[in-house]
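Okay, structure first, notes after.
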Amino acid sequence: MARIEKWVQIAASAELVFAFFVPQRMAYWYGADMEACLEVQGGAADFSVAQKVRVTGHLGKREVSHTAVVTAVQRARLFEWRFKDRYGVEGLERWELQRADAPSSSGSPKTAMPKTVVRMISEYTMPGPIAKAMDWLLTRHAVARRNQDYLARLKRYAEHGELE
């Protein structure tokens with residue numbers, strides 16, 4: 001099993017950052033490179049445990065998709081889903097939000113800029129020995145780079161409200 005862990009510190013409250021963990025906003029930063037679309041079971045406005053989510057997009061001319069099941073949601077703290085794609089790749093993605101408030105330069109906690117550390121953990125298994133070798137050589141590096149890009153995009157949106 002591969003495990004990729006990346007993190008970013010965002011100059012925003014955990015509540016504000018978590019506002020981007022809803023179906024209608026998540027595709028702006030998660031999967032934006034493949035123009036992802038998130039279809040939520042029942043068309044719900046918020047994620048909930050046991051809910052199915054279909055993530056589709058394009059890599060080049062190829063349509064890619066996977067189905068995820070939400071396994072944990074704790075407002076302003078945690079979001080997690082397990083997934084499986086049509087090629088047999090399965091695993092989980094987990095985002096942990098932790099307050100990292102630091103006093104301002106004046107030392108006054110009232111004027112402290114709220115900060116949140118977002119840790120993204122991807123764990124997955126590849127089917128078969130050839131896919132596992134490719135993962136070791138290429139895939140895990142691409143996943144790490146992709147996850148860092150996702151977190152950088154989330155940071156930009158949470159800090160500046162920029163939508164592409």
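Looking at heavy atoms from C-beta onward, Ser122 lies in side-chain contact with Asn147 at the 4.5 angstrom threshold. Contact of the Val70 side chain with the Phe79 side chain is registered, since non-hydrogen atoms from C-beta on lie closer than 4.5 Å. No side-chain heavy atom of Val17 sits under 4.5 Å from any side-chain heavy atom of Lys115. Leu92 has its side chain within reach of Glu80: a pair of non-hydrogen atoms, C-beta onward, lies under 4.5 Å apart. In this structure, the side chains of Arg3 and Ile121 come closer than 4.5 Å at one or more pairs of heavy atoms. In this structure, Ile10 and Leu154 have side chains that are in contact, with non-hydrogen atoms separated by less than 4.5 Å. Put simply, the side chain of His58 does not reach to within 4.5 Å of the side chain of Val64, judged on heavy atoms. Looking at Glu39 and Thr56, their side chains come closer than 4.5 Å, going by heavy atoms from C-beta outward.
No option in Tyr30, Tyr28, Phe47, Trp29 other than Trp29 meets the ring pair (Phe, Tyr, Trp, His ring centres under 6.0 Å) test with Phe21.
Within the 3.5 Å criterion, the main-chain N or O of Lys84 finds no donor-acceptor partner in the side chain of Glu90. Panel note: side chain Asp135, backbone Thr139; no donor-acceptor pair is recorded below 3.5 Å. Side-chain N or O atoms of Gln51 include one that pairs as donor or acceptor with a backbone N or O of Ser48 at under 3.5 Å.
Of all non-hydrogen atoms in Val49 and Val73, the two that sit nearest each other are CG2-N, 4.0 Å. Contact between Ala158 and Ala12 at its shortest, heavy atoms only, is O-CB, 4.0 Å. Closest of all the heavy-atom pairs between Pro23 and Leu38 is O-CB, 4.5 Å. Ala76 and Ala14 make their closest contact through O-CB, 3.5 Å (heavy atoms, listed as atom of the first residue, atom of the second, distance). In plain terms, the two heavy atoms of Val22 and Ala19 that are nearest each other are CG2-O, 3.4 Å.
Atoms CD1 and NE2, on Ile4 and His141 in that order, are 8.0 Å from each other to the nearest 0.5 Å. The structure places CG of Asp149 at 10.0 Å from NZ of Lys6, a figure rounded to the nearest 0.5 Å. In this structure, NE2 in His66 is found 13.0 Å from CZ in Arg82, a value given to the nearest 0.5 Å. Here Gln41 contributes atom CD and Arg54 contributes atom CZ; the two are 13.5 Å apart, rounded to the nearest 0.5 Å.
A salt bridge between Arg99 and Glu15 is present, with a side-chain N of the basic residue lying under 4.0 Å from a carboxylate O of the acidic one. Between Glu5 and Arg119, at least one side-chain nitrogen of the basic residue sits less than 4.0 Å from a carboxylate oxygen of the acidic one, meeting the salt-bridge criterion.
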After noting the C-alpha distance and the side-chain angles of Arg153 and Glu159, does the key distance pass the salt bridge (charged side-chain N to carboxylate O under 4.0 Å, His left out) rule? CA-CA 10 Å; Arg153 196 173 289 116; Glu159 290 180 352; over 6 Å; no

Please assess Glu93 against Met120 for the test side-chain contact (heavy atoms from CB on, under 4.5 Å), listing each intermediate value before the final yes or no. CA-CA 7 Å; Glu93 290 182 316; Met120 181 180 181; 3.7 Å; yes

One pair to check against side-chain contact (heavy atoms from CB on, under 4.5 Å): Arg145 and Tyr150. What are the steps and the verdict?
CA-CA 9 Å; Arg145 196 169 36 256; Tyr150 288 173; over 6 Å; no

Using the rule given for side-chain contact (heavy atoms from CB on, under 4.5 Å), can you reason through Asp33 versus Arg146, listing the C-alpha separation, both sets of side-chain angles and the distance that settles it, and then say yes or no? CA-CA 9 Å; Asp33 54 328; Arg146 180 204 69 185; 4.1 Å; yes

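With hydrophobic clusters built from ILVMFWY side chains whose heavy atoms lie under 4.5 angstrom apart, Phe18 shares a cluster with Val118. Val53 is not connected to Tyr124 by any chain of hydrophobic side-chain contacts under 4.5 Å among Ile, Leu, Val, Met, Phe, Trp and Tyr, and they are in different clusters. Met26 is connected to Leu16 through a chain of hydrophobic side-chain contacts under 4.5 Å among Ile, Leu, Val, Met, Phe, Trp and Tyr, so both are in one cluster. Put simply, Leu78 and Phe83 are part of two different groups of oily side chains (I, L, V, M, F, W, Y) that touch within less than 4.5 Å, one to the next. Hydrophobic clustering (side-chain heavy atoms under 4.5 Å, transitive across Ile, Leu, Val, Met, Phe, Trp, Tyr) keeps Val89 apart from Met34.
Counted within 6.0 Å of CD on Glu35, heavy atoms from surrounding residues, nucleotides or ligands total 12 or fewer; the atom is thus considered open. Heavy atoms of other residues, nucleotides or ligands lying less than 6.0 angstrom from CG of Leu138 number more than 12. Atom CZ of Arg86 has more than 12 neighbouring heavy atoms from other residues, nucleotides or ligands inside a 6.0 Å radius. Other residues, nucleotides and ligands contribute more than 12 heavy atoms inside 6.0 Å of the CD atom of Glu123.
Aromatic ring centres of Trp95 and Trp7 lie farther apart than the 6.0 Å criterion allows.
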